[in-house]
Structure formats: C-alpha cells, structure tokens
2 protein chains.
Amino acid sequence: MVSASVKDVAALAGVSVGTVSNVLNRPEKVSAEVTGRVQSAIDKLGFVRNDAARQLRAGMSHSIGLVVLDAANPFFTDLARGAEDRATAENLTVLVGNSNEDEGRESAYLDLFEQQRVRGVLLSPVGNVIPRLEQLRRRGIPTVLVDRQTENLSFSSVAVDDLAGGEMAAAHLLSLGRRRIAFVGGPASIRQVADRLAGARKAVDAVAGAALEVIATESLTVLSGRAAGESIRSRPEAERPDAIFAANDLLAIGVLQGLMLMGGVNVPQEIALIGYDDIEFAAAAVVPLSSIRQPSALIGSTALELLLREAAAEDGFAPTQVVFPPELIVRASTQG
Amino acid sequence: MVSASVKDVAALAGVSVGTVSNVLNRPEKVSAEVTGRVQSAIDKLGFVRNDAARQLRAGMSHSIGLVVLDAANPFFTDLARGAEDRATAENLTVLVGNSNEDEGRESAYLDLFEQQRVRGVLLSPVGNVIPRLEQLRRRGIPTVLVDRQTENLSFSSVAVDDLAGGEMAAAHLLSLGRRRIAFVGGPASIRQVADRLAGARKAVDAVAGAALEVIATESLTVLSGRAAGESIRSRPEAERPDAIFAANDLLAIGVLQGLMLMGGVNVPQEIALIGYDDIEFAAAAVVPLSSIRQPSALIGSTALELLLREAAAEDGFAPTQVVFPPELIVRASTQG
DNA sequence: ACACAGCAATGAATCGTTTCATAACCAGCT
DNA sequence: AGCTGGTTATGAAACGATTCATTGCTGTGT
C-alpha cells in the first residue's frame, strides 16, 4: 500500500474518521485514552496527511506565491528570505517563482498560483500586470507589489524610493567632479530601471555642463554588464564617460569586469562606478563597489505583513504604500 | 462568488460536468460546437481549475521538491535553474526549500513535500537522511541526492567528485611551492566539506614537508569566511599559512575580505587563495579567485532526469550514481 | 427494416479530509 | 425514575475535478 488514509487509521484504532480528525486538529476535544490509540495507529501506519484533500476542503492553500525578476540576484534572495521568515511564523509556505524578467513566465506563475488557490501573491512585476491583479483580487487573492511603487493606488506595495536612489547615486558622482555620466541598465520596461534613470537625470539636469548618456542593456545581469563595460572600453578615450551609474550591482560587477579586461580602464581614476542594491558581493568586488543600499529582507517581511493584513480584512481594505529610503554606501569605486 | 467550479461552467454551457472535464483534458473527444460553448462559459465565468481537487483525484501532485543547503549560494541557484528548466519541459513545478544547513528545517521541508505528495525529491542533505529517504521511498516518492555521493548505493545521486576537487585544489597550491596550507570550511557534517578536506589532505600528505591546518567555520557563507580571514590576519606573520583552500567560493570571498581589511595580508604574494564552485562572482572578486568549477546547472538537470526515470520505472529500478569531474580554474588569487 | 459499429455526452462514484448536527453516555439532582 | 447538562464520539455531507461504464444517437451495410 502506498499511503494510509484517515480511514485506515480509524479502522486500526477502532474509532470513527471524525475522531481521527479531531485528534489531529482539536486534541482537547478527545479523551486521553482515545488519543493514545489513534496516535499509535498513526505511527504504525506511517500516516501522513494529504495536503490536497485538506486544501480542497479548506478552499485555500497554506502557501503564498512570490514572483521575482531574478532568483539569482542576491537582492531577491534576501527579499525572499525576509518574506519566508515572516511566513514561517504564520505557518505558511512561500512558493518562489522566477520570472527572469519575462512576461510569459510571470504570467505562467500567476496562473499556477491561481490554480493553487494561494493565500496571496507577492510580485515584482515585469510588464503591466494590473489587469491580471484585478482578476486575482476578484478571486479573493490579494496581491502586494514589491520593489515597485504603483501609480495605481488600489494595490498595496512595498518599495524603496528608486527615484531618490537614482538621484542620490548620480549626485554622488557629480559631487566628485564628474560630468560625463553614463547610465547602464535595461530593459526600460522595468519600473526600477526607469525610476533610477529618471532620478539620475534629475540630478544631472541640475548641474550645468553635466551630460547623461544612456547605455541600454537587455537584462540586469553580470553578463549584460560585462558587454556594456567592454563596449565602453573599446571606445576612444575621449568618448568614454568619466562616471558610470549601473542600474544594479550585478550589472556594475559586470561593467567592472568589462572595463578592466586586458588592463583596460582604471576604476575609479578614469571612470568612477556606482551600482545599486548593495548586495553582499559588492564589497568584495575587484574594486569594492559604491552602491545604493536597500533593506531587502525588510522589504520582504513588510510585504508579507501587508499581505496578511489584507487577507485578514473582511473587505473595505485600505491599500497601503510603504516606501523605504535608500542609503548611499561609498566604497573604492568612487574614491580617489 | 469567489470562484467558479466545473459545475457552474457545465450549467452555463448546458452540458454535464463530465463534458467540461473532457473539453479540458481530451478535447479530441468533444465536438467542436460543444467545445466552443464550454470555452465561452469558461471565459465568461473566469473559471480556473482547482489544483487541490485535481491532485486529490490524481493522487499525486505535479511538483517535485528541491531542498538546498543555501538558497543564496549561486551554485544552488544555478543548480535549481537547471532542474527547473528540465521540469518545465515535463510540465512539472519545482518547489524550492532552503534548509540553511539546518537539520530541523531540512526535515520540515521533507514533511511538507510528503504531505504535498510530490512526484519526487531532490535533496542536498545536511545530516544523515537515509532513514527519512527510505520512508519516502516506501511512500512511492523517489529521491535523488544532489551534490553528494552516497555511500549507500540504493539511492541515485548526482555529484561532482569532491575528493578529486579537493585534491586538485591543494595540489595546485602545493605546485606553487606553498607548504603551510590551511583549509577553511565547515561544518564537517556536510559531506562536501568533509570530502574536499579529505582530498586536500591526500594531496598534502603526498608532499614531504607540507602541512595542513584546518580552520573550522560554522557555515559556508561570506560572513563565516570573513571571520576566518580576520582571525588569520590577526596572527603573527610567522604563524600564518602561506596558502588557503576555502570549502566554497562564498567562504573564499569572505576570507579575502577578512585578509585585506586595513591593508592587511597580500593575496596571492603572502597567502595564495583558492575557492570552490566557481560562481559568477569569483571572477569579479577584489582579487579574482581561483576556484574549482562544477557544472551546476547540469547537475540540476541531470538529477531531475534521474528522478523522472525512477518515477517512471514500475519497480526494480536500478539506482544510478552520476559523478562529474571538477575543473581547476586558475586566476589571480593563486598567481604571482 | 434491422443490426451493429462508432462517436458524443452523461452522471454517479471516487479521491482524503474536515465539519457539524446528532447520538450516546454518565453524573448529579429532584 | 426522570430530567438536565456536559462530555465524547459518530458518520454523513461537502469540497471540485476526473474517470468510466452507460446511454443516446447517427449512419452504414445487409
């Protein structure tokens, strides 16, 4: 036999299935003697509850879904950990899906979560998902957007002020006297990228004689960054920027690799470089990276907190926007 | 109404529930006209299948479970991606659990997967899990061990030859003329750590006048590595090793940070350093790290492949051990 | 005209758990 | 003895999708 059910346990213990269920779920309602009999039957048969049956009956799973842009990005693994810790405390499981910045995969994960009747969804969106989220909401599945401020105020969100972060990063580069700033990042459809760029532009526009060049990348990965770095290195010196703001640390690490290949460009003397996220590896880079720090785990736990609150609220729940301030971390890549 | 069921769809389309199910699962059995009616009913009601009900009926989920030692370690995210890609092709979902090198959490995830009646489990084990796995097997849930060779040949496994890798790393350090080798890693209960150390010891023992010191760490993280690095830096110069082999790249990156703090120890002149895994960040470190490369994604996809094969086999399945050879990658941290 | 094959559609039974109205029992009191 | 209140235990119903034996129908061949 592959698997024992409550019925088998009940038969062996000489009680009804309802009683077995009571032993499992409200032990205080059952006499000590019966509890003992049922327990030893459970042990003898190696009974394990069937989650599918429980969920079917309950109408809801004990999971919440999380879709991230890039599971390999330490920012998101930290965020996930924050969410998981909070979820574990609530006896919930977090299912992590990796959209890889792809709308199709994002959508596939939302489908899956909907079929699983998850308690709620945390989402760092790729494209325009608002219609999708409204559909989920109609189903009674609340959503919290992470790492994204919504213009649409009907959804809760937890984010870092990327506009301020972008401005902070560019202002820092400008304060070093650099004037030919390059922004490396993409795709522009990702809100964080657009916001960080907008913030940078704001800072650059405020300084006379400063110019901002945008170097688009396909994704926010080390590989994309390296390609961008190499293309900058291959330019004539006069046409290179004197400072680079990368949309995240993975890109920045790649840019650094690309620039330094074959004893190429000197960082920070020739080109200053700053990233974003302040992942653990930023401090350990060839040239330790300046960066904009975000409280990743806190974002995750806060998002889950909002989600639980929304799920608990009968109705008339007021969506909440939480925005954390970013923090400038200065290291060697913008010093000297 | 929160959610429509097949019954609702059937009623609206004016057919029986069985027909709706047929439209969903064997469209070729249903006439075009009825299919159309059912489809538009589905669209109108926003019907989404309830996965719990499907699973209950099917007796098995469409998921496979994966428990890793550290979800933040790029080696494991790569491995997970390899497994996911293969799973997606098979219309399966991978649930990733992070044991964080903790036996309790490992066990909790196995419990969860058992309750979910997953199709199979991929596991990179912390402690001695063999009894647990035998229990799963009795339930009909096959397991494949990843990143671990079993002495117990009754389970399939996919691993890299850690003994050879450890030997390779230490032999490389010895070939540079270094004789006071330190191994940084722990806990020793993790098989990879023990094997890499054993390999290193073998290489060291083969060279007259060479000595191996073991510096134990609590975990395989950047933070643990930094502590080890700092403690080495704080020793009198004569008592420092002249080469360090770190059990993985995260540790190595941490060691590097610890050594270099406050203009401390020069790598590789004073101390040569080699890591293990060759994660993407190894090449981007302050001093680009030599490392032992493992085909992480390939390990993941191969493991899933073995799992599928075992799940498909009626019985009398012959467990398979796959061992990939590691590869030495030499960078600046062991040159000069 | 009849039999029969072949295709479509049906709907009751099933998966395993939880819930809840009901029954059984006992103790204490009048 | 009869009644009440309070524990415990019972077992049928429900959750939603799938399956499969059965029915209904159409068309073909004799």
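Worth saying up front: this structure is predicted, and the values here are computed from it rather than measured. Numbered from 1 within each chain, the chains take letters A, B, ... in sequence-line order.
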[X] has an atom [atom1]; how far is it from atom [atom2] of [N], in whole Å?
{"X": "Gln116(B)", "N": "dT17(C)", "atom1": "CD", "atom2": "P", "answer": "14 Å"}
{"X": "Gln55(A)", "N": "dG16(C)", "atom1": "CD", "atom2": "P", "answer": "16 Å"}
{"X": "Asn50(A)", "N": "dG16(D)", "atom1": "CG", "atom2": "P", "answer": "16 Å"}
{"X": "Asp51(A)", "N": "dC15(D)", "atom1": "CG", "atom2": "C1'", "answer": "15 Å"}
{"X": "Glu33(A)", "N": "dT7(D)", "atom1": "CD", "atom2": "C1'", "answer": "15 Å"}
{"X": "Asp8(A)", "N": "dC15(C)", "atom1": "CG", "atom2": "C1'", "answer": "13 Å"}
{"X": "Arg57(B)", "N": "dC15(C)", "atom1": "CZ", "atom2": "C1'", "answer": "6 Å"}
{"X": "Arg37(A)", "N": "dT8(D)", "atom1": "CZ", "atom2": "C1'", "answer": "12 Å"}

When we call it a touch if two heavy atoms are under 4.0 Å apart, what does [X] touch: a base, just sugar-phosphate, or nothing?
{"X": "Asn25(B)", "answer": "sugar-phosphate"}
{"X": "Gly59(A)", "answer": "nothing"}
{"X": "Ser31(A)", "answer": "sugar-phosphate"}
{"X": "Val20(B)", "answer": "nothing"}
{"X": "Arg54(B)", "answer": "sugar-phosphate"}

Inset, instruction - Between Ala58(B) and Val34(B), name the one whose nearest nucleotide on DNA chain C is closer to the 5' end. - result: Val34(B)
Inset, instruction - For the residue pair Arg117(A) and Ser3(B), confirm or rule out a side-chain donor-acceptor distance under 3.5 Å. - result: yes
Legend entry - Of the listed nucleotides dA9(D), dA12(C), dC15(C), the one nearest the side chain of Val17(B): dA12(C)
Legend entry - Nucleotide of dT18(C), dT18(D), dT17(C) approaching Phe47(A) most closely (side-chain heavy atoms): dT17(C)
Inset, instruction - With DNA chain D as reference, determine whether Val6(B) or Val15(A) sits nearer its 5' end, using the nearest nucleotide of each. - result: Val15(A)
Legend entry - 5' priority, DNA chain D, between Arg49(B) and Ala53(A) [closest heavy atom]: Ala53(A)
Does a side-chain N or O from [X] land closer than 4.0 Å to OP1 or OP2 of [N], or not?
{"X": "Thr19(B)", "N": "dT10(C)", "result": "yes"}
{"X": "Ser5(A)", "N": "dG16(C)", "result": "no"}
{"X": "Arg26(B)", "N": "dT19(D)", "result": "yes"}

Inset, instruction - Give a yes or no answer on whether the side chain of Ser156(A) reaches the backbone of Thr320(A) with a donor-acceptor pair at less than 3.5 Å. - result: yes
Inset, instruction - Check whether any side-chain N or O of Glu310(A) sits under 3.5 Å from a backbone N or O of Pro142(A) as a donor-acceptor pair, and report yes or no. - result: no
Legend entry - Ser154(B) side chain reached by Arg137(B) side chain, heavy atoms, under 4.5 Å: yes
Legend entry - Crowding at CD, Glu218(B) (>12 non-hydrogen neighbours, <6.0 Å): no
Inset, instruction - Quickly, which of Leu133(A), Val129(A), Asn128(A) forms a side-chain contact (heavy atoms from CB on, under 4.5 Å) with Pro131(A)? Name it, please. - result: Asn128(A)
